[in-house]
Each structure stands twice: as structure tokens, then as C-alpha cells.
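This one's a predicted model, so the numbers in the text were calculated from it and none came from an experiment. Proteins come first, then strands; the chains are lettered A, B, ... in the order of their sequence lines, and each starts at number 1.
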Amino acid sequence: NAGVTQTPKFQVLKTGQSMTLQCAQDMNHEYMSWYRQDPGMGLRLIHYSVGAGITDQGEVPNGYNVSRSTTEDFPLRLLSAAPSQTSVYFCASSPLRATDTQYFGPGTRLTVL
Amino acid sequence: GDSVTQMEGPVTLSEEACLTINCTYTATGYPSLFWYVQYPGEGLQLLLKATKADDKGSNKGFEATYRKETTSFHLEKGSVQVSDSAVYFCALTQNSGYALNFGKGTSLLVTP
């Protein structure tokens, strides 16, 4: 099993550009989520999904879109990148919900100039 | 809303020293509590968890006890190793919830 994979590992964008961070899992997990990690802030939840076709907002959803068309994939879209979105982004999955063990991907380091 | 507060780091210890990282929480009811660890350059991984009051989670020599009366879940290890150098995150979630609330993380450096 590959577990949770994220691409790309690093990305540099200019302000106003859009891009999609990819996340995939091969464990047949229903629950998937996106976090951003900023120095001194811990991890903050952006969006989550409890199954294909179902998504909901977390603590910091503004500027981000998600969709869940398959169980395996949960892409995160930045609509118009801003310097405030410079961060490390982690995708996680678990069998059903947040109380289950979360399996994290290796992260994507995004810099917005 | 629910929140987690953990001691600020960095914490620097010599090998074989005792470790305690404090974590307290604010939440209604009886949330589930977790410690996740992030090794350099990697994603987070679950270290241990406890789902009800007085439960003790343990793994790799680390322990934490769910104390409802003091709303705490302190992480302890009797003898740390250089390989324990990492960032440690305390987290909670409500048992019917779909979001983990993380503390800010505590960086631990263990020197030979």
C-alpha cells in the first residue's frame, strides 16, 4: 500500500495564480481532510469529506475549494493564490471519522510570491 | 469552542532524560484525545490516544493519561533517545465530530 500520497512536494506560485494540490489514498478510507501547517499555529483544518460526493468546511476554508468524486481522491484547489496561503499543506485520511487514526501524507510546501 | 493548549518549546534534553510535555484542553463532554508526532520532513503519525476518562494510551515508551478532573493529557517518557527528536502535537475531537483540533506543537530535541 502507498498510503496517502500528495503531489507536488514543492510549489511556487505568483499571486493570483490558481493550482490544484493532489491527494490520493489506497486504503478505501471514507474520511479525508486537508490541513495547513503554519509556524506557531499548529495544524488548522481547511476542508474535509466523509465520503464521495460529500464535503464540508473546516476552520479556515476561505480561498480553497474541494470536491470528492471518488473515494480515493480529494484534490484541494487554490482559486487565486495569495501570499497568506504560503504554508505546508497536509492531506489525511481515516476509515470513517476524526476519532479514527488519521494517516497523513508527506505534505506539499507552497510558496506564494 | 473546543481547544488544546500545549507547552511551548523547543524542549532540549540529553539522551536518557525524562520527558513531560504538558497538554490541557477545553471541551464539552468527553472528547477523544491524541498525541501525534511529526519527524523532520515527514507528515504526522499517531503516537497514542485515549477515548475516555482515566484511559492511558501508550506506545514506543511514551504514555499519557486522560485526566478529566484536570482536563489534561500530558505526554511522558522515562528515558528519551536521540531518535525521539520531533514535533509533538496534542489533539482532540468530539466522538461525534469530524474535525481534529490540534495544539500548536512542541518541538523536542534530544542530544547525545
Side-chain angles (χ1 to χ4, degrees), chain A residues 2-7 9-10 21 23-25 27 29-51 54-61 66 68 74 87-109, chain B residues 1-10 21-27 29-52 55 57-60 66 73 86-107:
Chain A
V4 179
T5 58
Q6 292 183 239
T7 56
K9 292 184 74 68
F10 302 94
L21 307 185
C23 174
Q25 53 90 10
M27 297 174 282
H29 286 170
E30 293 293 332
Y31 179 84
M32 296 185 74
S33 56
W34 277 101
Y35 291 86
R36 59 177 290 173
Q37 183 180 29
D38 301 295
M41 299 290 292
L43 279 79
R44 292 180 291 170
L45 182 66
I46 305 171
H47 286 285
Y48 66 92
S49 168
V50 298
I54 307 170
T55 64
D56 206 346
Q57 296 180 351
E59 180 185 356
V60 289
V66 292
R68 184 98 180 267
F74 190 44
S87 187
V88 181
Y89 292 85
F90 288 101
C91 178
S93 75
S94 70
L96 283 177
R97 57 180 62 87
T99 49
D100 302 324
T101 298
Q102 300 296 309
Y103 294 85
F104 284 82
T108 294
R109 183 174 294 275
Chain B
D2 296 348
S3 66
V4 173
T5 302
Q6 59 181 109
M7 62 186 287
E8 295 197 15
I21 300 178
N22 291 333
C23 172
T24 57
Y25 68 90
T26 300
Y30 293 84
S32 292
L33 302 173
F34 306 83
W35 278 100
Y36 279 84
V37 58
Q38 183 179 30
Y39 297 105
E42 299 182 9
L44 282 71
Q45 56 186 271
L46 179 69
L47 182 59
L48 52 85
K49 72 177 186 180
T51 58
K52 60 183 186 293
D55 265 3
S58 61
N59 186 25
K60 299 182 181 180
Y66 188 143
F73 193 54
V87 181
Y88 293 82
F89 292 91
C90 187
L92 70 80
T93 187
Q94 294 291 348
N95 291 330
S96 59
Y98 290 98
L100 271 172
N101 286 297
F102 284 91
K104 294 182 179 181
T106 301
S107 176

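Interface remark: A/L43 contributes backbone and side-chain atoms alike to the contact with chain B (heavy atom separation under 4.5 Å). In this structure, chain B has no heavy atom under 4.5 Å from any part of A/Q6. Interface remark: B/Y98 contributes backbone and side-chain atoms alike to the contact with chain A (heavy atom separation under 4.5 Å).
Within the structure, the side chain to side chain donor-acceptor pair (under 3.5 Å) test picks out the following pairs touching residues 95-108 of chain A (sequence neighbours left out): A/S94-A/Q102.
Every residue meeting the ring pair (Phe, Tyr, Trp, His ring centres under 6.0 Å) condition with B/Y88, not counting sequence neighbours, appears here in chain and number order: B/F62.
Residue with the most contacts toward chain A among B/T93, B/L44, B/V4: B/L44 (heavy-atom pairs, distance under 4.5 Å). When the candidates A/G107, A/G42, A/P39, A/A98 are compared by the number of heavy-atom contacts under 4.5 Å with chain B, A/A98 comes out ahead. In terms of non-hydrogen atom pairs under 4.5 Å with chain A, the most contact-rich of B/Q6, B/K49, B/Q45, B/Q38 is B/Q38.
Pairing each heavy atom of B/K104 with each of A/G40, the nearest pair is CD-O, 3.1 Å.
Note: B/C23 SG to B/L92 CG = 8.0 Å, rounded to the nearest 0.5 Å.
Aromatic ring orientation, B/W35 versus B/F73: parallel (interplanar angle below 30°, classes split at 30° and 60°).
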